[in-house]
2 protein chains.
Amino acid sequence: MKSLSIKDIALKANVSITTVSFIINGKAKEKSISEAVIKKVEKIIIESGYKPNQIARSLRTGNSNIIGLIVEDISNSFFSKVARLIEDKAYKKGYKIIYSSTENSVEKAKELINMFKSRKVDAYIISPVAGIEDDIKLLLNDNKPVILFDRNLPGVDTNYVGANHFTATYQSIESFIKEGKKNIALVTTDVSVQQIIERFDGYKQALTDFKLPYNENLVLKIPFGQAEEETISNIKELFKNNKIDAVLFATNYLAISGLKAVKQINKTIGKDLSVIAYDDHEAFELHTPLISAVQQPLEEIAETVIKLILNQLSSKTKLANQQVIIPAKLISRN
Amino acid sequence: MKSLSIKDIALKANVSITTVSFIINGKAKEKSISEAVIKKVEKIIIESGYKPNQIARSLRTGNSNIIGLIVEDISNSFFSKVARLIEDKAYKKGYKIIYSSTENSVEKAKELINMFKSRKVDAYIISPVAGIEDDIKLLLNDNKPVILFDRNLPGVDTNYVGANHFTATYQSIESFIKEGKKNIALVTTDVSVQQIIERFDGYKQALTDFKLPYNENLVLKIPFGQAEEETISNIKELFKNNKIDAVLFATNYLAISGLKAVKQINKTIGKDLSVIAYDDHEAFELHTPLISAVQQPLEEIAETVIKLILNQLSSKTKLANQQVIIPAKLISRN
DNA sequence: TTGATCTGATAAATCGTTTTATCAAAACCA
DNA sequence: TGGTTTTGATAAAACGATTTATCAGATCAA
């Protein structure tokens with residue numbers, strides 16, 4: 001059951017391999033192949049169901065029509081939704097996406113980059129972890145388009161698409177304060193990636209601007225990858241040990257654990273406790289009461305990422321790097 | 001910035017390309033290469049950071065160490081979670097996964113299979129749509145391992161891993177009946193894939209066995225891919241036009257839409273309306289009241305899929321096809 | 001001593017494309 | 001007419017690995 005090669009087609013059509021190749025690649029006109037030959041070869045290709053071997057093609061041309069997408073965790077709904085949108089849009093332009101999760105491990109991220117590199121992907125979309133700056137610089141030296149998204153990597157000069165995490169966080173805290181809240185907690189993760197830091201900074205800045213004291217006991221940093229039960233018990237501790245009347249969760253999975261924690265202790269969300277989650281989730285629209293959330297414009301992020309990539313892939317000259325900051329918006333569900 | 005090739009390494013080490021290749025592939029002993037040469041070449045490889053070009057390797061060997069995973073929709077949490085588990089497990093065995101979504105389109109599914117085929121993936125994990133039977137048979141003829149999961153394809157003789165949808169549905173309906181419910185609705189989709197049909201059959205069989213009439217007005221089939229607002233309004237209609245005291249949602253996203261619908265009309269889940277969702281979701285654990293759900297054992301499914309694949313990849317002879325049915329369990333959260 | 005086996009290594013074919021260089025014949029031009 | 005350009009097509013090199021066949025010299029067995 002060997003699959004057909006261009007050679008078989010050439011044989012059947014009684015022309016050379018070169019001719020077939022030109023026809024396949026739409027260079028027939030340019031290379032002045034006669035109409036009759038084009039027709040004949042095309043007919044044979046269709047009838048035989050011949051599909052060019054992409055591996056051989058990639059080996060020769062050095063590109064693959066594949067874009068590599070590296071995210072933190074494909075099972076997180078934020079990433080899976082963005083991935084799906086990116087996939088759709090890329091697909092329409094003839095590009096395929098292959099994705100993989102880093103789980104925030106520097107080592108795995110490096111391995112993935114190497115894997116993609118040895119597969120000759122044409123471009124990279126990366127939600128990076130700190131520590132892979134040099135690997136990314138290598139890609140850039142290699143003239144491969146690299147778009148960072150969701151979080152930037154200070155020290156790497158490339159394209160970035162992300163939401164305005166600082167402002168969105170600031171506004172969330174501001175809204176708590178305007179409700180009259182005074183003891184505002186932040187539940188975040190311990191990974192030091194830029195978007196998490198920005199969220200932390202937005203929190204602190206809002207407190208300062210509105211003349212509330214910053215109390216580090218109200219900031220809980222959950223280790224990334226920690227089992228959920230432990231996270232829930234950490235959060236219960238937080239509430240037990242402190243007087244808290246509002247809480248911002250810096251990621252949607254933390255908010256989910258947090259809501260479970262709140263359920264287990266005797267707190268009711270509403271008057272005595274306000275909650276905002278960062279990154280929306282179906283659960284928040286269904287929760288009783290509804291949970292407010294900071295919503296990143298997924299569609300717009302995906303669209304921008306793809307646009308930047310395609311621009312670069314189609315331009316022969318190196319384009320100026322762009323930093324696209326897209327506003328995130330607080331969806332108040334009170 | 002050309003990347004290094006095996007030729008460069010051979011040159012530097014002053015040996016032949018063949019020798020380097022043997023060393024890279026661990027055949028040095030077998031091919032009786034001297035210890036000294038092995039050491040020298042390995043040193044150069046490490047120092048130079050040489051990584052073999054996988055494309056060239058694939059072209060020559062015909063395989064890729066890549067497994068293709070085709071799901072219905074990667075942004076559905078059931079699939080993204082299974083995908084992530086499969087990815088982890090495959091990764092540990094040196095295989096990479098590339099995934100893509102079919103969106104239940106026959107055409108897109110065929111295209112994806114072709115894309116994977118022309119990339120020479122070593123094996124296929126597919127959550128199929130009806131209509132791609134012939135394409136799958138071609139893969140099998142080609143001696144590529146194919147594992148169907150989540151839903152089987154009658155008429156294709158290959159491996160299958162999935163939950164016992166019939167029994168789980170039957171038990172769900174049975175539990176409604178034991179609560180004393182008499183007007184039990186089913187909200188499902190219009191796609192005629194096996195797992196959906198099984199769920200439907202389980203529903204009907206349970207009604208029959210417990211001597212309840214089957215009323216087709218109580219079965220709502222939502223077109224796949226329909227906008228959520230419309231789904232919600234369909235479900236509201238269902239409740240408006242019928243006396244319903246229990247409802248089984250055949251997928252988690254339908255359950256989410258359904259819960260939103262219930263929220264909008266004046267129904268309260270509890271005494272007057274019981275709800276079970278098929279496939280669990282974070283939202284159900286947080287909902288007030290808690291929502292019961294049929295939980296598929298994701299970990300076990302992923303584990304079994306990978307095991308079947310690896311067995312086949314490592315065995316030279318064709319193994320007998322296996323149909324692994326894993327029990328799904330009803331998590332009662334009342 | 002001679003033929004056989006082992007040791008250590010390599011040259012060259014191969015995988016299936018794309019692309020460059022080349023060529024013969026026809027058409028054009030002055 | 002003879003030189004130049006166009007037309008229509010091809011042969012062969014290249015991409016970067018793996019693998020088969022081959023080889024010279026050393027060792028061994030009888």
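Residue numbers start from 1 in every chain, and the chains themselves are labelled A, B, ... in the order their sequence lines are given, proteins ahead of strands.
In this structure, A/Ser21 reaches the bases: a heavy-atom distance under 4.0 Å links it to at least one base atom across the strands shown. Backbone-only contact: A/Lys27 has heavy atoms under 4.0 Å from sugar-phosphate atoms and none from a base. Looking at heavy-atom distances under 4.0 Å, B/Thr19 makes contact with a base. Among the heavy atoms of the strands lying under 4.0 Å from B/Thr61 are primed sugar atoms or P, OP1, OP2 only; no base atom is included.
With salt bridges taken as basic N to acidic carboxylate O contacts below 4.0 Å, none links B/Lys144 and B/Asp122. A salt bridge does not link A/Glu300 to A/Lys307: none of the charged nitrogens lies less than 4.0 Å from a carboxylate oxygen. B/Glu72 has a carboxylate O that lies under 4.0 Å from a charged side-chain N of B/Arg151, or vice versa, which qualifies the two as a salt bridge. Using a cutoff of 4.0 Å between basic side-chain nitrogens and carboxylate oxygens, B/Glu47 and B/Lys43 are scored as salt-bridged. Electrostatic pairing of B/Lys12 and B/Asp8 does not count as a salt bridge here, judged by no charged N lying under 4.0 Å from a carboxylate O.
Looking at B/Thr18, its side chain comes within 3.5 Å of the base of C/dA11 through a donor and an acceptor atom. At a cut-off of 3.5 angstrom, the base of C/dT14 holds at least one donor-acceptor pair with the side chain of B/Arg60.
When the P atom of D/dG8 is taken as reference, atom NZ of A/Lys29 falls 11 Å away, rounded to whole Å. Residue B/Arg57 contributes atom CZ, which lies 19 Å from atom C1' of C/dG16 at whole-angstrom precision. Atom CD1 in B/Ile17 sits about 20 Å away from atom P in D/dT22, given to the nearest Å. Atom CG of B/Asn25 and atom P of D/dT20 are 12 Å apart (whole Å). One can place CG of B/Leu11 at 12 Å from P of C/dA11, the figure rounded to the nearest angstrom. When the P atom of C/dG16 is taken as reference, atom CZ of B/Arg119 falls 16 Å away, rounded to whole Å. Between the P atom of D/dG16 and the NZ atom of B/Lys120 lies a distance of 20 Å, rounded to the nearest Å. Rounded to a whole Å, the CG atom of B/Asn65 is 12 Å from the P atom of D/dT18.
Within the 4.0 Å cut-off from OP1 or OP2 of C/dT7, not a single side-chain nitrogen or oxygen of B/Ser32 is found. For A/Tyr50 and C/dG16, the shortest distance from a side-chain N or O to OP1 or OP2 is not below 4.0 Å.
The neighbour count for A/Glu107 CD, taken as heavy atoms of other residues, nucleotides or ligands under 6.0 Å away, does not exceed 12.
With sequence neighbours excluded, no residue forms a side-chain hydrogen bond (donor to acceptor under 3.5 Å, both in side chains) with A/Glu133.
Considering only side-chain atoms of A/Ile33, the nucleotide from D/dA17, D/dA9, D/dG8 that sits closest is D/dA9. Relative to the side chain of B/Phe22, the nucleotides D/dT20, D/dT10, D/dA9 differ in distance, and D/dT20 lies closest. The side chain of B/Ser5 approaches D/dA17 more closely than any other nucleotide in the set C/dT10, D/dA17, C/dA9.
Rounded to 10°, the helix from C/dT1-D/dA30 to C/dA30-D/dT1 has 50° between the axis fitted to its first five pairs and the one fitted to its last five.
By the 4.5 Å heavy-atom criterion applied to side chains, A/Thr18 and A/Lys31 are not counted as neighbours.
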